[in-house]
Amino acid sequence: MRIAVDAMGGDFAPEAIVEGVVMATRELPSDVTIVLVGKQPVIETLLQKYNYAGSGLEIVHAEDVIEMGEHPTKALSQKPNSSIGVGFKLLRDKLVDAFCSAGNTGAMHVGALFSIKAIEGVMRPAIAGFVPQLSGGFAVIVDIGANADCKPEMLLQFGEIGSIYAQYTFGIDKPRVALMNIGEEEQKGSLVAQAAYQLLLNSRKINFVGNMEGGDFFRDKADVIVTDGFTGNILFKMGESLYEITKGLGLQHEFIDKTNYESVGGSPIVGVNGNVIIAHGISSPLAIKNMLSLAKKQVESGAYTKIAQALS
């Protein structure tokens with residue numbers, strides 16, 4: 001298995017990225033190779049700084065960097081030799097099994113659509129998040145930001161794609177799928193939510209358990225939470241804020257620790273022909289290490305091929 005990492009992407013890159021990768025190599029099995037994409041002299045200097053002397057790393061040189069504030073489409077076309085551009089070439093040419101970055105989220109999303117492309121039949125690829133549950137596991141929430149406005153048919157597809165992802169990545173048989181809404185009753189919510197409810201209810205591809213409210217976000221009501229990217233992003237970031245708030249109050253609990261963005265480290269783009277994982281721009285070395293564990297699990301699951309098969 002070969003996992004490519006954008007060494008230059010992120011607020012604390014390249015130092016935090018390279019340090020996190022070195023941490024990951026100490027835990028990942030020997031048959032996993034990490035491919036660091038970025039400015040080779042810089043990466044080599046940092047590998048020396050973090051005392052890396054193993055054989056599980058490779059470097060692929062990329063001269064340019066897409067900065068966080070750059071326009072995604074323009075940057076990708078004007079900087080084909082950027083670390084994100086080169087990373088996607090490696091993924092497209094099947095020289096790596098996954099590509100991960102804490103860099104420009106828009107460039108990662110556009111790069112995925114233009115290089116490995118959406119799975120045939122997918123209306124809009126989405127970004128999935130992982131919501132800790134009081135029972136101990138995680139629920140998959142789709143979408144958390146790629147599609148702010150959604151039609152009912154898109155929400156149905158998020159449920160189907162999220163269900164397949166949860167089944168194969170987390171080994172959940174018949175994942176429970178719920179629609180985020182302002183009430184549990186069938187007739188509640190916006191016109192889009194009401195129409196999506198009927199589509200989800202009548203789908204034979206999923207185990208739909210009805211509407212869920214914001215108060216059930218962490219309460220193990222579902223394995224897959226369906227919502228538009230606007231609502232999903234707000235919910236997800238509010239959930240992540242619990243860690244910093246409680247830490248500031250001097251409180252600590254195992255469940256709250258899981259709301260820390262570092263605990264999973266990344267969010268996959270689902271609905272594309274490959275494994276693409278986006279990390280927070282503020283990613284720390286620990287977040288990068290955990291993102292690579294997620295990438296390994298996702299490659300092993302073959303979730304994107306299962307989604308493609310289901311839609312063919």
Side-chain angles (χ1 to χ4, degrees), residues 123-124 126-167 169-170 172-247 249 251 253-261 263-264 267-268 270-271 280:
M123 286 175 259
R124 293 276 186 87
I127 302 173
F130 304 100
V131 184
Q133 301 296 298
L134 288 167
S135 61
F138 284 89
V140 178
I141 178 171
V142 189
D143 181 20
I144 61 164
N147 305 283
D149 296 296
C150 292
K151 294 178 180 178
E153 294 79 11
M154 289 166 60
L155 294 173
L156 168 64
Q157 197 167 73
F158 291 167
E160 294 171 352
I161 290 171
S163 180
I164 296 167
Y165 184 90
Q167 181 182 349
T169 304
F170 294 113
I172 303 169
D173 187 39
K174 292 185 179 176
R176 297 162 298 157
V177 178
L179 176 66
M180 182 56 67
N181 209 328
I182 58 170
E184 292 187 357
E185 298 85 359
E186 183 175 335
Q187 67 276 15
K188 281 291 180 79
S190 64
L191 293 174
V192 170
Q194 290 177 41
Y197 183 99
Q198 295 303 322
L199 293 175
L200 290 159
L201 181 66
N202 292 311
S203 172
R204 295 182 180 180
K205 297 179 180 179
I206 58 171
N207 174 23
F208 183 56
V209 295
N211 287 327
M212 66 180 285
E213 300 180 64
D216 293 319
F217 198 51
F218 302 113
R219 296 184 186 275
D220 200 32
K221 180 79 181 278
D223 303 301
V224 179
I225 301 167
V226 175
T227 188
D228 59 85
F230 182 87
T231 308
N233 189 276
I234 292 169
L235 278 168
F236 195 66
K237 286 179 177 172
M238 187 191 70
E240 286 184 331
S241 74
L242 291 177
Y243 177 75
E244 288 297 332
I245 291 169
T246 52
K247 188 180 173 185
L249 293 170
L251 304 171
H253 190 276
E254 183 184 352
F255 168 75
I256 296 293
D257 288 345
K258 287 183 180 177
T259 65
N260 179 8
Y261 81 93
S263 66
V264 175
S267 297
V270 291
H280 262 295

Judged by modelled atom types alone, do Gln198 and Glu186 share a side-chain donor-acceptor pair under 3.5 Å?
yes
Side chains of Thr231 and Asp228: donor-acceptor distance under 3.5 Å anywhere?
yes
[X] side, atom [atom1]; [Y] side, atom [atom2] - distance, nearest 0.5 Å:
| X | Y | atom1 | atom2 | answer |
| --- | --- | --- | --- | --- |
| Leu249 | Glu244 | CG | CD | 11.0 Å |
| Thr227 | Ile234 | OG1 | CD1 | 9.0 Å |
| Tyr243 | Asp257 | OH | CG | 6.0 Å |
| Leu134 | Phe217 | CG | CZ | 12.0 Å |
| Leu156 | Lys151 | CG | NZ | 14.0 Å |
| Cys150 | Phe230 | SG | CZ | 12.0 Å |

May I ask you to decide if [Y]'s main-chain N or O and [X]'s side chain share a donor-acceptor pair within less than 3.5 Å?
| X | Y | result |
| --- | --- | --- |
| Thr246 | Leu242 | yes |
| Gln187 | Glu185 | no |
| Asp143 | Ile127 | yes |
| Thr169 | Ala166 | no |
| Asp216 | Arg219 | no |
| Lys258 | Gly136 | yes |
| Ser241 | Met238 | yes |

[Y] side chain reached by [X] side chain, heavy atoms, under 4.5 Å:
| X | Y | value |
| --- | --- | --- |
| Phe170 | Phe130 | yes |
| Leu199 | Glu153 | yes |
| Ser203 | Glu160 | yes |

Centres of the Phe208 and Tyr197 rings: under 6.0 Å?
yes
Would the Phe218 and Phe138 ring centres measure less than 6.0 Å apart?
no
Ionic contact status for Glu184 with Lys221, cut-off 4.0 Å:
yes
Is the shortest side-chain N to carboxylate O distance from Lys237 to Glu240 below 4.0 Å?
no
Work out which heavy atom in Ala222 is nearest to a heavy atom in Gln133; give both atom names and the distance.
O-OE1, 4.5 Å
So, for Asn233 and Ile144, which heavy atoms are closest and what is the spacing to 0.1 Å?
ND2-O, 2.9 Å
Could you give me the CA-CA distance, side-chain angles and deciding distance for Asp220 and Arg176, then say whether salt bridge (Lys or Arg N to Asp or Glu O under 4.0 Å) is met?
CA-CA 10 Å; Asp220 200 32; Arg176 297 162 298 157; 3.1 Å; yes
For atom CG of Asp149, decide whether the heavy atoms of other residues, nucleotides or ligands shown that lie under 6.0 angstrom number more than 12.
no
